[in-house]
Amino acid sequence: MSDAADLVSVYQANNPTEAYFVKNLLEARGIEAAVSEANEPLAGLPIAAVDVLVKQGDLAAAEAVRDEFNRDVANRHSIPNWKCAQCGEMVPATFDECYACGADRPA
Ligand SMILES: [Zn+2]
């Protein structure tokens with residue numbers, strides 16, 4: 001039996017930091033969310049994926065927020081590399097200054 005108050009997974013995060021980020025995003029939109037921490041990390045083992053849980057009744061709204069989050073992540077990865085005005089080096093988009101000469105990314 002499924003009930004509107006049952007918890008369902010809306011997002012499987014790669015790590016707890018990401019899970020809590022999505023949880024906060026959901027709660028900022030008024031959607032009650034929880035992070036599953038059923039996977040007790042053992043010493044020396046990587047932390048397993050973590051689910052972000054919402055109520056069944058909130059799932060559709062939560063999925064919209066999750067899709068928005070996924071688009072944001074995709075957008076961040078699609079920012080093009082930039083060319084340093086000072087030394088001409090192509091610098092990865094994730095850098096805010098040139099790794100070769102230290103010049104700031106052009107505005
Ligand atoms: Zn440079």
Side-chain angles (χ1 to χ4, degrees):
M1 280 296 290
S2 121
D3 188 284
D6 283 351
L7 290 180
V8 291
S9 171
V10 66
Y11 186 75
Q12 195 174 59
N14 295 312
N15 54 64
T17 307
E18 195 187 32
Y20 279 103
F21 185 85
V22 173
K23 174 182 185 280
N24 290 340
L25 215 58
L26 289 164
E27 289 181 338
R29 308 299 174 87
I31 300 167
E32 210 178 300
V35 169
S36 80
E37 295 191 274
N39 301 308
E40 196 66 29
L42 299 170
L45 291 177
I47 296 171
V50 191
D51 284 310
V52 180
L53 307 171
V54 297
K55 288 177 186 164
Q56 176 84 46
D58 289 334
L59 185 59
E63 280 176 338
V65 175
R66 176 206 59 198
D67 290 347
E68 205 176 297
F69 169 74
N70 282 336
R71 267 198 305 278
D72 282 352
V73 170
N75 284 343
R76 267 205 294 282
H77 289 303
S78 68
I79 298 170
N81 297 345
W82 53 279
K83 188 175 183 180
C84 178
Q86 194 159 300
C87 73
E89 196 69 42
M90 287 306 295
V91 183
T94 48
F95 286 67
D96 282 329
E97 53 185 47
C98 176
Y99 62 80
C101 73
D104 285 340
R105 180 208 296 258

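Computation of the quantities below employed the complete heavy-atom set of this structure, encompassing side-chain atoms and omitting hydrogens, waters and symmetry-equivalent molecules. Along the sequence shown, residues are numbered consecutively beginning with 1.
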I need the Leu53 CG to Asp6 CG distance, nearest 0.5 Å.
11.5 Å
Checking Asp58 side chain against Lys55 main chain: does a donor-acceptor pair fall under 3.5 Å?
no
Could you see if Leu59 belongs to whatever hydrophobic cluster contains Tyr11? Use Ile, Leu, Val, Met, Phe, Trp, Tyr and a side-chain cutoff under 4.5 Å.
yes
May I have all residue pairs that pass side chain to side chain donor-acceptor pair (under 3.5 Å) and include part of residues 59-72, sequence neighbours excluded?
Arg29-Glu68
Evaluate the ring planes of Phe69 and Phe21, with Trp represented by its six-membered ring, and classify them as parallel (under 30°), tilted (30 to 60°) or perpendicular (over 60°).
tilted
With Glu27 via salt bridge (charged side-chain N to carboxylate O under 4.0 Å, His left out) - residues at least two apart
Lys23
Strictly by side chain to side chain donor-acceptor pair (under 3.5 Å), give each pair with a member in residues 79-92 just once, sequence neighbours left out.
Glu89-Tyr99
Glu18, CD atom: more than 12 neighbouring heavy atoms under 6.0 Å:
yes
Between CZ of Arg105 and SG of Cys84, what distance do you get to the nearest 0.5 Å?
11.5 Å
Output for pair (Asp104 CG, Glu97 CD), nearest 0.5 Å, gives 6.0 Å
Assess the residue pair Asn15 and Val50 against the criterion (side chain to side chain contact (heavy atoms under 4.5 Å, CB included)); give the C-alpha distance rounded to whole Å, side-chain angles, the decisive distance to 0.1 Å, and a yes or no.
CA-CA 6 Å; Asn15 54 64; Val50 191; 5.9 Å; no
Nearest heavy atoms of Cys98 and Cys87, plus distance in Å
SG-SG, 3.7 Å
Can you list the steps and then say if Ser9 with Ser36 is a side chain to side chain contact (heavy atoms under 4.5 Å, CB included)?
CA-CA 9 Å; Ser9 171; Ser36 80; over 6 Å; no
Sole candidate of Leu26, Val54, Val10, Val22 that passes side-chain contact (heavy atoms from CB on, under 4.5 Å) when paired with Val65
Leu26
